[in-house]
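Below you'll find the structure, written out as structure tokens, and then a few comments.
Labels below follow one simple rule: chain letters A, B, ... track the order of the sequence lines, proteins then strands, and each chain is numbered from 1. Scope of the values below: all heavy atoms of this structure, side chains included, with no hydrogens, waters or symmetry mates.
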Number of protein chains: 2
Amino acid sequence: MNALFNCISQYHPISIPAWEVLSEALTQVELPKNSFLVREGMVCNNLYFLERGCLRGYYNNQDGKEVTYWFGFENNFITSFYSFISRKPGIENIQVLEDSTLWGISFETLNQLFDQHHDLERLVRIINEQYYIRLEERLMAMQFKTARERYEQLLGTSPHILQRIPLGQIASYLGISQETLSRIRSQV
Amino acid sequence: MNALFNCISQYHPISIPAWEVLSEALTQVELPKNSFLVREGMVCNNLYFLERGCLRGYYNNQDGKEVTYWFGFENNFITSFYSFISRKPGIENIQVLEDSTLWGISFETLNQLFDQHHDLERLVRIINEQYYIRLEERLMAMQFKTARERYEQLLGTSPHILQRIPLGQIASYLGISQETLSRIRSQV
DNA sequence: ACTTTCTTTTGACAATTGTCAAAAAAGGAA
DNA sequence: TTCCTTTTTTGACAATTGTCAAAAGAAAGT
């Protein structure tokens with residue numbers, strides 16, 4: 001739980017009482033490789049903090065292909081965002097790529113904590129904003145950069161991804177075919 | 001200001017006192033077509049609500065080309081998000097595409113209001129979340145749909161954009177060249 | 001070591017999209 | 001209207017990326 005505390009503190013330090021109620025509300029979840037945290041069609045009721053391991057979010061498109069649109073690593077917050085926020089079933093699957101340790105809190109509990117501790121709601125607002133900025137950067141790359149540029153950007157910002165994730169999933173994440181990524185990689 | 005009140009209420013109804021301090025804190029801004037709300041290199045200190053008119057956010061890429069990455073219409077919240085949140089200069093320009101009426105609030109004032117009215121911070125958290133979901137949808141379209149599919153999706157969700165915005169800017173927004181968009185359009 | 005399975009690479013070819021240049025069309029100003 | 005400017009369309013061609021199929025390589029299990 002230290003990792004979470006440290007992570008939170010980088011976004012917005014919270015009061016000790018707020019941290020106490022939060023840490024009491026968290027449930028530890030251990031999941032083995034290849035299991036699923038979230039399945040399409042269900043409402044995702046929990047927000048998670050990933051302490052150890054790695055995950056990916058993907059969905060199945062019309063052609064029956066898996067489309068990976070994010071990876072989660074240590075110290076990332078994880079949820080099926082659309083479903084968690086809208087309280088509706090989502091199309092997203094969250095798969096465990098390495099044995100993982102997470103800390104979870106339910107939507108209801110989190111919102112109760114927001115009522116009690118303004119602090120916590122501020123923390124979440126700030127975290128949301130930072131994640132929004134990251135998403136914006138990804139969108140800009142997707143909109144105006146070539147496959148090669150997107151790959152090189154990934155190399156620069158998140159080289160660890162390339163060590164830990166199969167090529168096909170990275171290609172999908174970059175919005176290109178596995179073959180194209182393989183060719184780009186051989187030409188660098 | 002009614003438009004803002006109605007818009008807010010759809011996200012999260014706030015208390016009357018909260019609305020009162022908020023509406024007192026807002027400054028009306030009128031801008032003519034082709035003027036700029038934000039210029040690259042500056043820190044964007046304000047969050048705006050667009051009551052009337054339309055705007056676009058764009059930046060100049062390495063090749064010196066304008067890259068449009070969003071449009072704002074009536075009842076949208078507008079800011080140079082990265083700059084507003086991080087308090088750093090951004091690369092974004094926000095240009096007025098039609099004579100516009102906006103209501104603005106500064107970063108400092110907004111944060112003071114957050115301290116006084118938990119309600120307002122919740123409202124902003126919720127709005128942020130909804131905007132996050134929209135961005136996620138755009139990213140998914142950009143990642144896995146063809147130019148034609150993205151255009152047709154835009155036709156379905158925001159046909160008004162096509163009436164009000166020059167083709168070149170729409171093409172840039174969709175991440176394709178103007179010529180390609182023109183050809184797609186002639187084939188539908 | 002030997003299968004078996006999964007992942008990555010390679011080749012051949014097709015489809016999509018971009019670029020450059022010019023023409024056509026539309027919109028504004030005098 | 002006429003002129004001028006901006007926007008949109010079209011053509012020809014090139015570059016990028018995708019698809020399908022097969023081979024090569026790596027990892028996991030027995």
Side-chain angles (χ1 to χ4, degrees), chain A residues 32-35 54 56 58 60-69 71 95-99 139-155 159-188, chain B residues 32-35 54 56 58 60-69 71 95-99 139-155 159-188:
Chain A
K33 181 171 175 171
N34 288 326
S35 63
C54 101
R56 70 167 176 137
Y58 74 90
N60 297 296
N61 74 359
Q62 308 93 319
D63 313 337
K65 287 190 186 158
E66 289 185 0
V67 160
T68 296
Y69 58 106
F71 298 108
Q95 185 183 23
V96 179
L97 299 182
E98 298 172 7
D99 295 352
L139 178 64
M140 281 162 55
M142 200 58 73
Q143 206 171 345
F144 306 109
K145 296 195 171 172
T146 63
R148 157 163 284 115
E149 288 169 332
R150 298 202 295 276
Y151 171 72
E152 283 166 355
Q153 175 173 317
L154 190 69
L155 259 184
H160 59 283
I161 290 188
L162 301 154
Q163 316 298 326
R164 294 170 72 176
I165 309 282
L167 200 70
Q169 292 176 16
I170 296 175
S172 175
Y173 175 80
L174 291 173
I176 57 182
S177 71
Q178 169 169 320
E179 293 90 336
T180 296
L181 180 54
S182 174
R183 290 187 175 102
I184 286 172
R185 213 162 59 149
S186 70
Q187 285 165 28
V188 176
Chain B
K33 181 171 175 172
N34 287 325
S35 63
C54 102
R56 70 168 176 136
Y58 74 91
N60 297 296
N61 75 358
Q62 307 95 317
D63 312 338
K65 286 189 187 160
E66 289 186 359
V67 158
T68 296
Y69 59 106
F71 298 108
Q95 184 183 25
V96 179
L97 300 182
E98 297 172 7
D99 295 352
L139 179 64
M140 281 161 56
M142 201 59 73
Q143 206 172 345
F144 306 109
K145 296 195 172 175
T146 63
R148 155 163 285 113
E149 287 169 332
R150 298 203 295 277
Y151 171 73
E152 283 167 355
Q153 175 173 317
L154 189 68
L155 259 184
H160 59 285
I161 290 188
L162 301 154
Q163 316 298 325
R164 294 169 72 175
I165 308 282
L167 201 70
Q169 292 176 16
I170 296 175
S172 175
Y173 174 80
L174 291 172
I176 57 182
S177 71
Q178 170 169 320
E179 293 90 334
T180 297
L181 180 53
S182 174
R183 291 189 174 100
I184 286 171
R185 213 162 58 149
S186 70
Q187 285 166 28
V188 176

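- Not a single side chain to side chain donor-acceptor pair (under 3.5 Å) links A:R150 to another residue, sequence neighbours left out.
- In this structure, A:L139 and B:Y69 have side chains that are not in contact, with every pair of non-hydrogen atoms separated by 4.5 Å or more.
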Taking only N/O atoms, report every protein-nucleotides 14-17 of chain D pair under 3.5 Å with atom names and distance.
unit_1	atom_1	unit_2	atom_2	d
D:dT17	OP1	A:A147	N	2.9

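- Between C:dT8, D:dT19, C:dT19, one nucleotide has an atom nearer to the side chain of B:R183 than all others, and that is C:dT19.
- Residues from residues 160-173 of chain B with heavy atoms under 4.0 angstrom of DNA chain D, sorted by number: B:P166, B:L167, B:G168.
- B:N60 places a side-chain heavy atom less than 4.5 Å from the side chain of B:E66.
- At least one side-chain heavy atom of B:Q169 sits under 4.5 Å from a side-chain heavy atom of B:F71.
- When atom types are taken as modelled, the side chain of A:S172 and the backbone of A:T68 share a donor-acceptor pair closer than 3.5 angstrom.
- When rounded to the nearest whole Å, the span between CD of B:E66 and P of D:dT6 equals 13 Å.
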Atom pairs, protein N/O to nucleotides 27-30 of chain C N/O, distance under 3.5 Å:
none

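- Side-chain atoms of A:D99 do not come within 3.5 Å of backbone N or O of A:P32 as any donor-acceptor pair.
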- [ ] Before giving the answer on side-chain contact (heavy atoms from CB on, under 4.5 Å), spell out for A:Y151 and A:L162 the whole-Å C-alpha distance, their side-chain angles and the decisive distance to 0.1 Å.
- [x] CA-CA 10 Å; A:Y151 171 72; A:L162 301 154; 3.8 Å; yes
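- Taking atom CG of residue A:L181 and atom C1' of nucleotide C:dT8, one finds them 10 Å apart after rounding to whole Å.
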Task: B:I165 and B:Y173: CA distance, side-chain angles, deciding distance, side-chain contact (heavy atoms from CB on, under 4.5 Å) verdict - done: CA-CA 11 Å; B:I165 308 282; B:Y173 174 80; over 6 Å; no
All N/O pairs under 3.5 Å across the protein-nucleotides 21-26 of chain C interface:
none

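- How far CZ of A:R164 is from CD1 of A:I170: 11.5 Å, rounded to the nearest 0.5 Å.
- Look at CG on A:L97: it is 17 Å from P on D:dA27, rounded to the nearest Å.
- What separates CD of A:E98 from P of D:dA28 is a distance of 12 Å, to the nearest Å.
- Atom CZ of A:R185 and atom CG of A:L155 lie 9.5 Å apart (nearest 0.5 Å).
- B:N61 contributes a side-chain N or O that, together with a main-chain N or O of B:D63, makes up a donor-acceptor pair within less than 3.5 Å.
- Counting all heavy atoms, side chain and backbone alike, B:K145 lies closest to B:E149 at CA-OE1, 3.2 Å.
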Atom pairs and distances, side-chain donor-acceptor, residues 174-182 of chain A, under 3.5 Å, sequence neighbours left out:
unit_1	atom_1	unit_2	atom_2	d
A:S177	OG	A:T180	N	3.2
A:S177	OG	A:T180	OG1	3.0

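- Separating the CD atom of A:Q178 from the P atom of D:dT19 is a distance of 12 Å, rounded to the nearest angstrom.
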